[in-house]
Amino acid sequence: MSSGPGPLPNHVLVIGAGLAAVSLCAALRAGGFTGRLTMVGDEPCHPYDRPPLSKQFLAGASDAAQISLQPAEWYLAQGIDVRLGVPVAAFDAGTGGVELADGSALVADVLVLATGGRARRLPVPGGQTATVLRTRADAEALRDRLSPGVRLLIAGAGLIGAEVAATATRHGCHVTLVDPSPLPMAHAIGPHAARALHAQHAAHGVTVVSGGVFAIEAGRVVLSTGASVSADVDAEVDAVVELDVDVIVAGIGIVPNVELAEDAGLDVDNGVLVDAEMRTSAPHVYAIGDIARVAGTPHRSEHWDNARRTAETAARAILGQPPEPRRTPWFWTDRYGTHLEMAGLYDPDAEAVVRGDIEGGTGSVFYVRDRFCVGAVSLDRPLDIRAAQRMIDRRIPLDTVRLADEGVDLRRLLVARA
């Protein structure tokens, strides 16, 4: 896929207007790019930060200005031509031609795809009627429907679903959270942190159902069998359940917006395939953020930090600069006043080294394989994650006994030993 460094382009056009797009533009300007820079987005508003949509913004604690990635004046100061509310209809990977939905056209030397994803809909009868949370408009519409006494059902207890549940309890809603897994997120963060987080729902009055949604019919939801645990009830359910609800939210992930790339003939397989410098199968087209999957890796990353880092990687490649060393992936989530961070990857076959009392609400687990940390998760101990990132990035061999000892300062373990 890689075509190697070449002359700097005269015009870089970014298709998409989220965090990845803004980060790319900022990195290009910071790296000395003085050419024409265009950003095209299908939403009518300037780019905003998505993580607050399920938390502060949904709670009403932040407004639109506070979640904007940059003020409108920044784009003018950076010389970025921002086209908002006009989707891209098609592009030509060979010529760099871009056709907009309003019939206008643009041509650029380099195209960067930052089209992100759209909320996945429930694949059941009536599933299209469920509310989703992906855009600022989605969050505004949902926020208007949350009030004391509202019966809210959330399908999916991953990051978004769990965060919406926590926020809705602040609005005084009666929340039911449904997920087919008895321990959501355990596959991503490990069982210790997953147990601690999942237990918080019932402790805050949320009814948790281990099962799935069968159908949605005019304010009624049909659920599959499974275990039901609430703040007041601890019982087993072994039958189909029907619930009357006021609001239904689907929080079951996103679908990458790869249609433009497919239509343009790019290599696509669970995302737009890219090399280590984010180049696609077309030499002057890059892909960043949620839609990009590095060829040879099994998954895409849909986290905030990945959007920013892939944008910076692509910017360096466009500028002909050598890539920076790969850094440990990282993400976070907040719910019920608890802050979780994860660095690296959870490895179920690695040794779990526990510091503190993570299942009690404050602590960390380091996952160590062959003396090297491969991942770590913490609740309300962000400094542990900063240390874990250094351990992973620097490939520091570890003594797991000392790592587990709360009396040993983690900074003392950041010196590599043979």
Side-chain angles (χ1 to χ4, degrees), residues 51 54-56 59 154-170 175-211 226-234 251-253 303-305 328-368 373-389 391-392 400 403-406 410:
S54 55
K55 300 185 283 289
Q56 301 96 320
I154 303 168
L159 291 179
I160 297 299
E163 289 170 0
V164 171
T167 302
T169 61
R170 296 171 58 184
V175 182
T176 299
L177 184 63
V178 183
D179 194 280
S181 171
L183 194 58
M185 291 189 62
H187 67 287
I189 62 176
H192 302 78
R195 279 192 292 266
L197 287 186
H198 202 50
Q200 291 181 333
H201 294 304
H204 286 82
V206 174
T207 297
V208 179
V209 177
S210 179
S228 175
V229 181
S230 73
D232 305 312
V233 179
D234 188 351
I252 56 173
H303 297 302
W304 186 95
D305 190 53
T328 302
W330 163 79
F331 72 88
W332 81 95
T333 182
D334 296 285
R335 60 179 82 165
Y336 305 114
T338 297
H339 179 71
L340 174 141
E341 292 191 33
M342 177 83 194
L345 300 173
Y346 166 59
D347 182 347
D349 296 322
E351 179 182 357
V353 181
V354 180
R355 286 176 69 94
D357 182 15
I358 190 166
E359 294 196 42
T362 306
S364 301
V365 180
F366 293 77
Y367 294 100
V368 179
C373 182
V374 295
V377 61
S378 80
L379 296 182
D380 290 331
R381 291 176 59 155
L383 293 181
D384 286 8
I385 297 302
R386 302 290 85 74
Q389 288 174 309
M391 292 173 185
I392 300 170
T400 56
L403 179 60
D405 186 350
E406 287 271 73
L410 287 175

(request) Carefully, step by step, assess Val164 and Val175 under the rule side-chain contact (heavy atoms from CB on, under 4.5 Å). (result) CA-CA 10 Å; Val164 171; Val175 182; over 6 Å; no
(request) Decide side-chain contact (heavy atoms from CB on, under 4.5 Å) for Leu159 and His303; before the verdict, give the C-alpha distance in whole Å, the side-chain angles of both, and the deciding distance to 0.1 Å. (result) CA-CA 10 Å; Leu159 291 179; His303 297 302; 3.9 Å; yes
(request) Show the numbers, then the answer: is there a side-chain contact (heavy atoms from CB on, under 4.5 Å) between Phe366 and Asp384? (result) CA-CA 9 Å; Phe366 293 77; Asp384 286 8; 4.2 Å; yes
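Shown here for Val377 and Ala193, the closest heavy-atom pair between the two residues is CG2-CB, 3.8 Å. The minimum heavy-atom distance between Ser210 and Pro180, with the atom names listed, is OG-O, 3.8 Å. Pairing each heavy atom of Ala343 with each of Ile385, the nearest pair is CB-CG2, 3.7 Å. Residues Ala157 and Met185 come closest through the heavy atom pair O-CG, 4.3 Å. Scanning both residues, Ala350 and Val374, for their nearest heavy atoms gives CB-CG2, 4.3 Å. Of all heavy-atom pairs spanning Ala188 and Met342, the tightest one is O-CE, 3.8 Å.
Proximity of Pro191 to Tyr346: side-chain heavy atoms (C-beta onward) are separated by under 4.5 Å at one or more points. You'll find the side chain of Leu197 reaches within 4.5 Å of the side chain of Ile189, heavy atoms only.
Between His201 and Tyr336, the angle of the ring planes goes over 60°, which puts this pair in the perpendicular group of the 30/60° scheme. Ring-plane geometry between Trp330 and Trp304 is classed as perpendicular, the angle between the planes exceeding 60 degrees on a 0 to 90 degree scale with a lower cut at 30.
For the pair His204 (side chain) and Gln200 (backbone), a donor-acceptor distance under 3.5 Å is present. Side chain of Thr333 to main chain of Leu340: no donor-acceptor pair is present (N/O by atom type, distance under 3.5 Å, no hydrogens or angles).
Put simply, CG on Leu379 and NE2 on His192 are 11.5 Å apart, with the number rounded to the nearest 0.5 Å. One finds the CE atom of Met391 at 6.5 Å from the SG atom of Cys373 (value rounded to the nearest 0.5 Å). To the nearest 0.5 Å, atom CZ of residue Arg386 and atom CZ of residue Arg381 are 13.5 Å apart. If you take CG on Leu403 and CG on Leu410, they are separated by 6.5 Å, rounding to the nearest 0.5 Å. Atom-to-atom distance recorded for His198:NE2 and Leu177:CG is 6.5 Å, nearest 0.5 angstrom.
Using a 4.0 Å cut-off between charged nitrogen and carboxylate oxygen, Arg355 and Glu406 count as a salt-bridge pair.
No donor-acceptor contact under 3.5 angstrom links the side chains of Asp380 and His339, judged on distance only.
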